[in-house]
There are 2 protein chains.
Amino acid sequence: MATPQAQSSPRAPRNNRATAVHLRLRKEIVSGLFPQGSALAEPTLAEHFHTSRAPVREALIALEREGLVTFEKTGRTRVRTIAAKDLREIMEARAALESMAARLANWNWTTADTDFVAKNIEQQTKAGSFAELSRLDMDLHHYVVTCSGNLRLLQLWEPLRWQYEAYLVEIFKRRSADDYRPETETVLGHRKLLQVLSSGTPAEAAQAMMDHVLFNISWAD
Amino acid sequence: MATPQAQSSPRAPRNNRATAVHLRLRKEIVSGLFPQGSALAEPTLAEHFHTSRAPVREALIALEREGLVTFEKTGRTRVRTIAAKDLREIMEARAALESMAARLANWNWTTADTDFVAKNIEQQTKAGSFAELSRLDMDLHHYVVTCSGNLRLLQLWEPLRWQYEAYLVEIFKRRSADDYRPETETVLGHRKLLQVLSSGTPAEAAQAMMDHVLFNISWAD
DNA sequence: GGCCTAAGAAGTGTCGACACTTTAAAACGC
DNA sequence: GCGTTTTAAAGTGTCGACACTTCTTAGGCC
């Protein structure tokens, strides 16, 4: 009999330079190293990463599908600009996916999950900057999506995360670092979330996550 | 002043052989031309499409991110096998996205939209095979997602569509064509959907779509 | 000086080549 | 005949090359 071990392969990243370039370039984009709208020429990037154009090209295709770069009709590549209108789309899509994720995560929630999230929220209260708070925030949301046990949910969610982070870093550039005051509303929303995830119904968890994510649309600069 | 027309570029598909190969190969996969799990060697595909390996390679990367093919650790590419467990993930993700889409579509629903969907449902009652019915079904769901006006929702949804169709074509291979009897439940679900989309509340539309999509999980063979 | 034009520079799309790795097949021993 | 080892075939990863297109800059004209 054939089909020794079919398994639908959760994720088998090829171990080549293309994926390395992909990950590095993504990190550089969401770090704000390349301003939005700036050109990404293959020869330049190839030199930057000490490789040839082929791996760079593959990485750009992956990044385009993640929504971090765009191809113009002429083939030129640019860092995608994410405006307020895009933020709305991102948050609506996040709300859809994370609400379902919360529903599923509620189903198989453990005390270890509660510990992780509680610890994360605790750190949020001590956060000293927007950047630190949003990092903790994304960690928490990533954790819930993972807890759903649905790998496709996670795969669809990740690009939204990168796009959101690329948007945030642009905001941080404009805002001065010292006008930060603790975001009590965000923390409060997370506490409510933890409560329904651990001891609420699936429908309550879904609703709470939906409200929590959509609430942040108004954040738009 | 710079930034002449920023616009976040909805979708600018490069007009090259790579995208052509991508679209053709995708169509061939969801048509069942390549059985699930079969190997996709770049030189063979290159010959098949009368091109070199470079465009084929780019197409495979795009298809991997769509979930239609998988890369093994050795770099070999295979058509992804979609089992019942995968179907569950797909339908949960679809339910999440389409529920939000229905909520948004309800908001800006027009009589023209009602006409399109009503005509589609009318055709469903006359469908003579599983294949025809499911084609109409996907057309309808695609229409609703488009009506949401949220391009990211559509972009995230499309890969789920291809995966679902790849699953269906495998089912069709096993089932004989003549044991088809009209799926009255599907049609009934769509009528209910049309009703809430045109004259219900956003929450009702979201709930109806959620129920309708999740109902189909039990379809699993 | 401002505008149009034309050479030059830069970039993309595609190809073939080659080293290295993995798979498949053939040869060998028992 | 069956299992093991060796050898050949097939495949991937990466590179450089070249034609063609697009952008940019310098020159000329008014």
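Chain naming here is simple, since letters A, B, ... match the order of the sequence lines and numbering starts at 1 in each. Computed from a prediction, not measured in an experiment: that's the story for all the values here.
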Q) When the distance from CD of B/Glu58 to P of C/dG13 is rounded to whole Å, what number comes out? A) 8 Å

Q.
Can you tell whether the side chains of A/Lys85 and A/Glu89 come within less than 4.0 Å, N to carboxylate O?
A. no

Q | Toward the 5' end of DNA chain D, by each residue's nearest nucleotide, A/Ala54 or A/Thr74 | A | A/Ala54

Q. CG of A/Leu45 versus P of D/dC15: gap in Å, rounded?
A. 14 Å

Q: Check every atom of D/dT12, C/dT12, C/dC15 against the side chain of B/Ala41 and return the nucleotide holding the closest atom.
A: D/dT12

Q: Evaluate the ring planes of B/Tyr143 and B/Phe116, with Trp represented by its six-membered ring, and classify them as parallel (under 30°), tilted (30 to 60°) or perpendicular (over 60°).
A: parallel

Q | Touch class at under 4.0 angstrom, heavy-atom based, for B/Ser52 against every strand present | A | base

Q) Expressed in angstrom and rounded to an integer, what is the separation of A/Glu72 atom CD from D/dT22 atom C1'? A) 11 Å

Q.
Rounded to whole Å, how long is the line connecting atom NE2 of B/His22 with atom C1' of C/dG13?
A. 18 Å

Q: Rounded to the nearest angstrom, tell me the gap between atom CD in B/Glu42 and atom P in D/dA9.
A: 21 Å

**Q.** Separation of atom CZ in B/Arg78 from atom C1' in D/dA10, rounded to whole Å
**A.** 14 Å

Q: Would you mind listing every salt bridge (charged side-chain N to carboxylate O under 4.0 Å, His left out) that reaches into residues 19-43 of chain B, with sequence neighbours excluded?
A: B/Arg26-B/Glu66, B/Glu42-B/Arg53, B/Glu42-B/Arg57

Q: Remember a base hit wins even if backbone is also touched, and classify B/Arg53 as base, sugar-phosphate or nothing at under 4.0 Å, heavy atoms.
A: base

Q: Salt-bridge test for A/Lys173 and A/Glu170: reply yes if a basic N is under 4.0 Å from a carboxylate O, no otherwise.
A: yes

Q | Among D/dG11, D/dC23, D/dC15, the nucleotide that comes nearest once only the side chain of A/Arg76 is considered | A | D/dC23

Q. How many Å lie between CD on A/Glu47 and P on D/dC15, as a whole number?
A. 13 Å

Q) Looking only at side-chain N and O atoms, does A/Thr51 come under 4.0 Å of OP1 or OP2 in D/dT14? A) no

Q) Would you call A/Asp139 and A/Arg135 a salt bridge, using N to O less than 4.0 angstrom? A) yes

Q | Interatomic distance where CZ belongs to B/Phe71 and P belongs to C/dT21 [whole Å] | A | 20 Å

